[in-house]
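Every chain is numbered from 1, with letters handed out A, B, ... down the list of sequences. These numbers come from the heavy atoms of this one structure, side chains and all, not from hydrogens, waters or symmetry mates.
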Amino acid sequence: MQLTLEFGGGLELLCDSVKVHNVNVDQGAGEKLTMKNLLAWVCTNLIKERPEMFMKEDTVRPGVLVLVNDCDWELSGQLDTTLEEKDSVVFISTLHGG
Amino acid sequence: MQEADVVKPKKNIGAGRQCTICNQRRAALKRPKTLEQICRECFYVVFEEEIHRVIVDNQLFKPGERIAIGASGGKDSTVLAYVLSELNRRHNYELDLFLLSVDEGITGYRDDSLETVKRNEIQYGLPLKVVSYKELYGWTMDEIVKMIGLKNNCTFCGVFRRQALDRGAALLKVDKLATGHNADDIAETVLLNILRGDIARLSRCTSITTGEDGPIPRCKPFKYTYEKEIVMYAYFKRLDYFSTECIYSPNAYRGFAREFIKDLERIRPSAILDIIKSGEDFRISTSTKMPEQGTCERCGYISSQKWCKACILLEGLNRGLPKLGIGRSRGITTDRSNDMKQSNGIKNIQSKQCGTLDF
């Protein structure tokens, strides 16, 4: 599944300072790809350092905002949000100075 | 400044959730303050108008005043500069707005963020003044860290920044300084002051305007504004801000309180405003000894001690005794310094780390 992932607010520093990643994420035949699956994939494939800045337990660290197709993931079920072809997912840290 | 493109609506969970304000457009975020689900356009309106109400209800500004916006290039001050210039136009505040930045002299951090502020100067048409530690104190933070190491550097930076902003504000001849401290920052500071037993600061830190008896009052128009909304606003409006952590404070003490607040927010978003309310409503026992405000004998800056903290720290740097004013100082020989050590009673400021937030 083709997805566009964007990291901002300092999170890009955890993935080689690249903000936008066009990625292809495999999912099992007939299975839906959820945000929960995507977070695991991101941790394995994109996060190069300090994963604790991005994740805490099984979800993003509090203070990291997530938008799926420019919509707050709190409106779409957070980890249960299902993704579709060509969706965009944005992660922004709010934890850096003002 | 191009706004984010409108993307296709999602068909799955959450699809068709409509804005609870206009009932027309697709909701784009959940407000932590009210839990309302609202669209981007309604969000801009409520976000800006709430800040307008805070400004009006608390009489933060008077017509004709010159106002400096403390600008670091980060999200909060960038959004503050944008929103204040917008509201100033829309509601005819008749304010002269300026950007005021402090150059601490941190290579790879402040030099980059100052570039952001310089772009903001052009984007928002606000004149910019930069004051540097080097010109004010003769030392850059890089030089200070070279001398003292990474242990107490945040103390120096915090103390120096506070004064630097005041000096810059005096140079700009402004009536007031507006800073981008948001609700999360203030809740965090309430907790920190409780954890430190710092009652003088606890009673001050929730005031929306401080220093009215001093030369340049400060105000916090974002006192009730959630960080999440500030970041969402900056993202949707594609505002240009800088977001890299200071290279000298990867793990500041404040970070723990910050993380705690964020954990609480996830469970109950109103916790942030509730902590601020608790801070506001604290009654300080009459038997609590409060420091008396005076002026520094050396530079004339406000100080509750004989010398202000900046002068003590600077004296230490210039005499090659950088521990002066930090923890227990040893090896001081002159009477003056001994006298100062006793009368100042500055014991534990090393625990007050990371000074990006001045209260």
Does any backbone or side-chain atom of A/Lys32 lie under 4.5 Å from a heavy atom of chain B? Answer side chain, backbone, both or neither. neither

Under 4.5 Å to a heavy atom of chain B? For A/Thr34 that would be neither

Report the option among B/Gln37, B/Met232, B/Glu265 that has the most heavy-atom pairs separated by less than 4.5 Å from atoms of chain A. B/Met232

Picking from A/Leu38, A/Asn24, A/Val42, what satisfies side-chain contact (heavy atoms from CB on, under 4.5 Å) with A/Leu3? A/Leu38

For the CH2 atom of A/Trp41 and the CG atom of A/Leu46, what is their distance to the nearest 0.5 Å? 4.5 Å

Kindly confirm or rule out a cation-pi arrangement of B/Lys237 over B/Tyr44, judged by NZ or CZ under 6.0 Å from the six-membered ring centre and within 45° of its axis? yes

So, is the end of the B/Arg238 side chain (NZ or CZ) under 6.0 Å from the ring centre of B/Tyr235 and within 45° of the ring's axis? yes

Proximal component of B/Glu259, with respect to chain A [non-hydrogen, under 4.5 Å]: side chain

Among B/Ile261, B/Asp184, B/Leu29, the residue with the most heavy-atom pairs under 4.5 Å to chain A is B/Leu29

Value for CG (A/Asp80) from NZ (A/Lys36), rounded to nearest 0.5 Å, stands at 8.5 Å

